[in-house]
Amino acid sequence: MSIVMANDLCKHYGSSENPVKALSHAQFSMAKGERVALVGRSGSGKTTMLNLLAGLDRPTSGVLRVAGKDLPTLSSRALAQYRCRDIGVVFQSFQLLPNRSALANVEVPLMLQGMDATTRRQRALAALDRVGLSERAAHQPAQMSGGEQQRVAVARAVVHRPSVILADEPTGNLDSQSAEAVMALILEVVKEVSAALLLITHDHALARVAATRLVTMSDGCVKPAQRYHVT
Amino acid sequence: MSFRDIAAMAWHNLWSRKLRTFLNVLGVVMACVVLTMMLAGTRGVEESIHRLIEGSDDVRRFGIYRSYKPNTEVPEEALRVEEGTDPERRKRLQEHLRDVWLRTHSQRTQLTEVELKALAELPHMEELRPDGRLSGTLVAGNAKTNASIRIAPLNRAARARLVVGDYLEKGDDEGVLLGEYAAFRLGYTSDEDLRRLIGTEVSVSISLRNARISPLIAMLGIQPLTEASLARFRNAVDASKLQAVERAFLDAVMAKAITTSTNQPKTLTVTMTVRGIVREAKEEDSISIFNLIRDPSGADIFMTNARATELEMQQEGFTSFYAAIGMVDDVRHLGTLVDEVAALGFRTRSSRATVDKVDTELGKVRLALGGLSLLILCVSALGISNTMVVSVLERVREFGVLKALGAQDGSVLVLMLLEGAFTGLVGALVGIATSLGVSHFTSALAQQYISDRLRHDFDASVFRFAPADLLLVITIAVGVCTVAAILPAWRAARLDPIAAMRG
Ligand SMILES: Nc1ncnc2c1ncn2[C@@H]1O[C@H](COP(=O)(O)OP(=O)(O)O)[C@@H](O)[C@H]1O
Ligand SMILES: [Mg+2]
């Protein structure tokens, strides 16, 4: 059983007479625990694909099932619930809440699920500890380096143990040293929670290290799969 | 996301943006201070005035008079007004003519014992005192003087006129108060004399025959007609071809010409004990906003209501009680009691209209001030709404992240509404606390000013903070600020997370 299954997926932007076809009839699937790297030129539709998978946007047409949920048919309420239970997302630009401590940021998905304060605090602390930032729990994003902020974001993406983790160029805003560390961390924690990983990147070397499978996109279409060695 | 978490987040958001929050709260505080002070001020003044009203016997007292028989037929020729005049004026003139006819044709009759009893037994009637003057002779030792007799009023103003001894208490039917001037006529002038008079027995004699002669007849010094000759005279007038005006004149004269009793003059003498000496009322004794019913103060002998009524009843029916003074137990029941007295067929004269007027005037002031402060609150709400829109625009990214991570639209909406509500709540609480502080200082000042103007003791703090008013201020502030947050909240809730996160 695949954890992600996209069939004939289309996403058009703009007017219906003159649409921008960001995704056209894309075919894509991921098995449970599989790690897939999505590569392609800028504007090829990678982020669009990720937004649809993350339940942040709805496809124009097509079938999209993630973690047993038929996303196009979900109400916006159910879609919000899906976002805080079934998936974890690491964004390129961290997207932490300013004015909130690292700990509070990691707590957010658990809080949105309605978990009680003490339990979620413990779990958030454990997650922060896992990314090596338990000392910085009380610090606000502005007091941390980019690499540290992205590690907080990684902790936030896995703290609720989602079955799919989506990462959109997670190292794109980092220097090479931090990038390496963050990437290694993502791989470790993804394995630990045995989630599937979709990693968007244009670094082929990185893709080769991180993923078991490489998928290329161009002009809104997914090219035939290219299988790597299994690690 | 639980409500608790949303509330905690809203609180945190306000706390982490201190300057913005401070300015918003300041606006609410100022509006709430104005609102609270206005409410407390009007309530304070209202309470003081009510205390003034309730503490005043004048307001509780009202006059009771016999009204003309309501279904008396007035002959048409008495109401004749030439056709062709303005119909409104014609109506007014006819009403006037009707009034004149009734006044001249109805005999002024005294209140009966049954009526007085019925009036006295009405609910909330604290005291019912027939209003009339008996006259008789007062004898103390060897001294003797003609004396007028009244019922001792029980109000404070009357008590204040006591010079020596004790005031007459209710139920002390054996006791009397003597007027200072009556005592002087009896030969008691100095303080020592007057003190000597206290506790001594005096005798009061009433000549019953005199009481049956109307003051008019007595004044003219003519012999009044007997019942029989008065009846003959009436018949003769009825049979005559007199014009309406002439008939009216004779009717008026006859109404005054009350017959004398055919009995021999009889003297009733009672022995009573002097309790105290009272002086005449001076101008300032009756200073009151509400002295519509001036208590008759001048008399030589004052006795209890029960005793005076008893003396009256020794005669053939009441002779001098044309009116009565009622006293309601509580000003709040004045209207009801006056209505009931009127329902028994009496005319009344009370300060009810004044009391009502004061109430409506206070209501108007309250409404005007309340409206004004609400306006101020609305202006500050507009300011809050404005800064909250800015605050949402500033935090678009933050809301985007929250929504991307799975926050429901409703949670974001509630979050922003709560930020508004908290602003209102904190503003109201600080505003109320400020008001309490300010009133503490101004109260003394304002009190001084008012008591200077009223020239009598005004023992009341100007501001009265009623829990209901404070609750109202909090409710209004929270309500207005929440409403101010609706638009920004709606905006925040409807944000598209992708676009919002892009910034
Ligand atoms: N909100 C949008 N409105 C209009 N066009 C969009 C929008 N988002 C993406 N696109 C277009 O869709 C195409 C795919 O974009 P994207 O998925 O962001 O590509 P990638 O992430 O691979 O660089 C691009 O041509 C882009 O201009
Ligand atoms: Mg992209």
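Fair warning: this is a prediction, and the values are worked out from it, not measured in the lab. Below, chain A is the first sequence line, B the second, and so on; all start at residue 1. What you see below is based on every heavy atom in this structure, not just the backbone, and it leaves out hydrogens, waters and symmetry mates.
Using a 4.5 Å cut-off between heavy atoms, R4(B) makes no contact with chain A at all. If you measure heavy-atom distances from Y82(A) to chain B, you find no contacts under 4.5 Å at all. Heavy atoms of L402(B) lying under 4.5 Å from chain A belong to its backbone as well as its side chain.
Counting heavy-atom pairs closer than 4.5 Å to chain B, the top residue among Q113(A), R100(A), R85(A) is R100(A). Looking only at heavy-atom pairs under 4.5 Å with chain B, the residue among N51(A), T47(A), I87(A) that has the most is N51(A). Residue with the most contacts toward chain B among D116(A), L110(A), N99(A), V89(A): N99(A) (heavy-atom pairs, distance under 4.5 Å). Put simply, of L405(B), D496(B), D409(B), the one with the most heavy-atom pairs under 4.5 Å next to chain A is L405(B). Chain B forms the most heavy-atom pairs under 4.5 Å with one residue out of H160(A), Q81(A), M115(A), R156(A), and that residue is R156(A).
More than 12 non-hydrogen atoms from other residues, nucleotides or ligands lie less than 6.0 angstrom from NE2 of H12(B). Atom CG of D330(B) has more than 12 neighbouring heavy atoms from other residues, nucleotides or ligands inside a 6.0 Å radius. Within a 6.0 Å radius of CG in L372(B), more than 12 heavy atoms belonging to other residues, nucleotides or ligands are found. Enclosure of atom CZ in R20(B) by more than 12 non-hydrogen atoms of other residues, nucleotides or ligands within 6.0 angstrom is indicated.
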message: Applying side-chain contact (heavy atoms from CB on, under 4.5 Å) to Q95(A) and R397(B), what does each step give before you reach the verdict?
response: CA-CA 8 Å; Q95(A) 305 289 12; R397(B) 223 184 150 88; 3.5 Å; yes

- request: For the pair L56(A) and K403(B), evaluate side-chain contact (heavy atoms from CB on, under 4.5 Å) and give the outcome as yes or no after the intermediate values.
  value: CA-CA 9 Å; L56(A) 293 171; K403(B) 288 192 68 176; over 6 Å; no

task: In sequence, state the C-alpha distance, the side-chain angles, and the governing distance for V108(A) and M1(B), and then conclude on side-chain contact (heavy atoms from CB on, under 4.5 Å).
output: CA-CA 9 Å; V108(A) 169; M1(B) 196 174 181; over 6 Å; no

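The shortest heavy-atom contact between A80(A) and A407(B) is CB-O, 4.1 Å. Between G406(B) and C84(A), the shortest heavy-atom distance links the atoms CA-CB, 3.9 Å.
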Can you list, pair by pair, the side-chain donor-acceptor contacts under 3.5 Å of residues 9-24 of chain A, counting residues two or more places apart and other chains?
unit_1 : atom_1 : unit_2 : atom_2 : d
K11(A) : NZ     : D57(A) : OD1    : 3.4
K11(A) : NZ     : R58(A) : O      : 2.8
S15(A) : OG     : N18(A) : N      : 3.3

